[in-house]
2 protein chains.
Amino acid sequence: MSLKYALLGLISKKPQTGYELYTTFKERMIYFWSSTHSQIYTELNKMEHEEWISSTYIYQEGSPNKKLYTITTKGEEYLLNWLLSDKIKPAKIKDEFLLRASAFHLLSEKEIIHLLDAIIEREQRVLEATRKWQHDNEQDEEFGIGDFVTAEYGVMYAEMYIKWCEKVRKEIRKRSRGN
Amino acid sequence: MSLKYALLGLISKKPQTGYELYTTFKERMIYFWSSTHSQIYTELNKMEHEEWISSTYIYQEGSPNKKLYTITTKGEEYLLNWLLSDKIKPAKIKDEFLLRASAFHLLSEKEIIHLLDAIIEREQRVLEATRKWQHDNEQDEEFGIGDFVTAEYGVMYAEMYIKWCEKVRKEIRKRSRGN
DNA sequence: TAGACATATGTCAAAAATGACATATATATT
DNA sequence: AATATATATGTCATTTTTGACATATGTCTA
């Protein structure tokens, strides 16, 4: 499983806490990797045990204490080896909306349009958030090649999704006029 | 979990065997739903037990015997109820290549270009297969709205992915010239 | 003042997914 | 003659994932 590589990749950029990693997954990696905080914290503990990362406990006043993780030399080697391996599995996708779309023969025009409009709205919100993040961070020193290309992917993915929804909308209208 | 709805949706179009369902997942649904034959056969047996589908055993000479599944009224009701429910979860994606892309700061230009070219080739093959299927089947009576919209999605997704790869390729070249 | 939200880290039972193993026939290729 | 591929259906141990529960502080809002 690749969650460990995802975490190593992020930590290799700069030392981070579990909470920071979790918010990055939630806010900027949803387009290509999904994970929950329970899985992330569990995996970080395993990874520290394997000595791919090390942690420093940081005492804070005003907010809860936290653990800052840093990648080790062993972890960097492990990550680089994976990065260059040529067995790249195709993406695994579970898209509930597309699944519904594949059963559109069971729904009426009105029902389909209703579903589509909700999804277009949802995707537009995510697209705007990604564009905003991209705009707010592209001048940042920490905004590296990885951030650039994945943010770009997020934008292209959401734009494609919205275009597809609109194409489906038109097709549904066309077909229902035909009846 | 939604595998049952995926299977019900397909069976609702016409009675099918587990093997047919498995090949459909593998060949035409990879863009939005991934599953294995072991999961599909297990789920079909569970679904028959729940009386959402019923099966007929078909004896064959020359090839192995098979089980043809048909959706029941109970199954149709169950599927329709899910189709219209408004809690549509966002897509869950596990894309190993995008994960690598997010760690491109650790790789050289040459290494990145090498990875990118392999992925572009892979995606072009899948795109061509989808276009071919679309072309070969669009005149078919059984080619319904669901097939139309999901095939269209597959084409748009692969095209977007290739465009993104090419954009990344250019960006990598640009950045390496800058050094 | 009560509730929601953000920060911060965990556990754990249950459900889902994977990948190997298992079997059988027919055809096509090396 | 051996190997690979396509058809066809399953089991099963292990791994992964989910989603709820748990705890604690501070801020912001109704």
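Since the model is a prediction, treat every value here as computed from it, not as a measurement. All chains are named by letter (A, B, ...) in the order of the sequence lines, taking the proteins before the strands, and each is independently numbered beginning at 1. Note that these values count all heavy atoms, side chains included, but never hydrogens, waters or copies made by symmetry.
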* To do: Provide, to the nearest angstrom, the distance between the CD1 atom belonging to A:I40 and the P atom belonging to D:dT17.
  => 11 Å

* Separation of C:dT18 P from B:L3 CG (nearest whole Å) -> 10 Å

* Checking A:K4 against A:W52: charged group under 6.0 Å from the ring centre and within 45 degrees of the axis? -> no

* Sugar-phosphate means primed atoms, P, OP1 and OP2; the rest is base. With that split, encode nucleotides 2-15 of chain D 5' to 3' as B, S or - using protein heavy atoms under 4.0 Å. => ----SBBBBBB---

* Asked: Does B:Y153 have its ring centroid less than 6.0 Å away from the ring centroid of A:Y161?
  -> yes

* So is A:R122 actually on top of A:F97's ring, under 6.0 Å and inside 45° of the axis? -> no

* Asked: How long is the gap from CE on A:M47 to OH on A:Y5, to the nearest 0.5 Å?
  -> 10.0 Å

* Structure fact -> Rounding to 0.5 Å, atoms NZ (B:K46) and CG (B:L7) come to a distance of 11.5 Å

* Measure from NZ on A:K92 to C1' on D:dT17 and round the result to the nearest Å. => 12 Å

* To do: Measure the distance from NZ on A:K26 to P on D:dT18 and round it to the nearest whole Å.
  => 15 Å

* To do: Determine whether the aromatic ring centres of B:F143 and B:W133 lie less than 6.0 Å apart.
  => yes

* What nucleic acid atoms does A:K4 come within less than 4.0 Å of, heavy atoms only: base, sugar-phosphate, or nothing? -> nothing

* Report yes or no: do A:S35 and A:Q39 form a side-chain donor-acceptor pair below 3.5 Å? => yes

* Structure fact -> Whole-Å distance, B:K87 NZ to D:dG19 C1', equals 15 Å

* To do: Starting from C1' on C:dA16, measure out to NZ on B:K89 and report it in whole angstrom.
  => 12 Å

* Asked: In degrees, rounded to 10°, what is the bend between the two ends of the helix from C:dT1-D:dA30 to C:dT30-D:dA1, using five pairs at each?
  -> 30°

* Asked: Which part of the nucleic acid, if any, lies within contact of B:K46, taking any heavy atom under 4.0 Å across all strands shown: a base, the sugar-phosphate backbone alone, or nothing?
  -> nothing

* Is A:R169 close enough and on-axis enough to A:W164, meaning under 6.0 Å and within 45°, for cation-pi? -> no

* Asked: So with a 6.0 Å cut-off around CD of B:E51, is the heavy-atom count from everything else above 12?
  -> no

* To do: Round to a whole Å and report the spacing from CD1 of B:I58 to P of C:dA24.
  => 22 Å

* To do: Please determine if a side-chain N or O atom of B:K94 lies less than 4.0 Å away from the OP1 or OP2 oxygen of D:dT16.
  => no

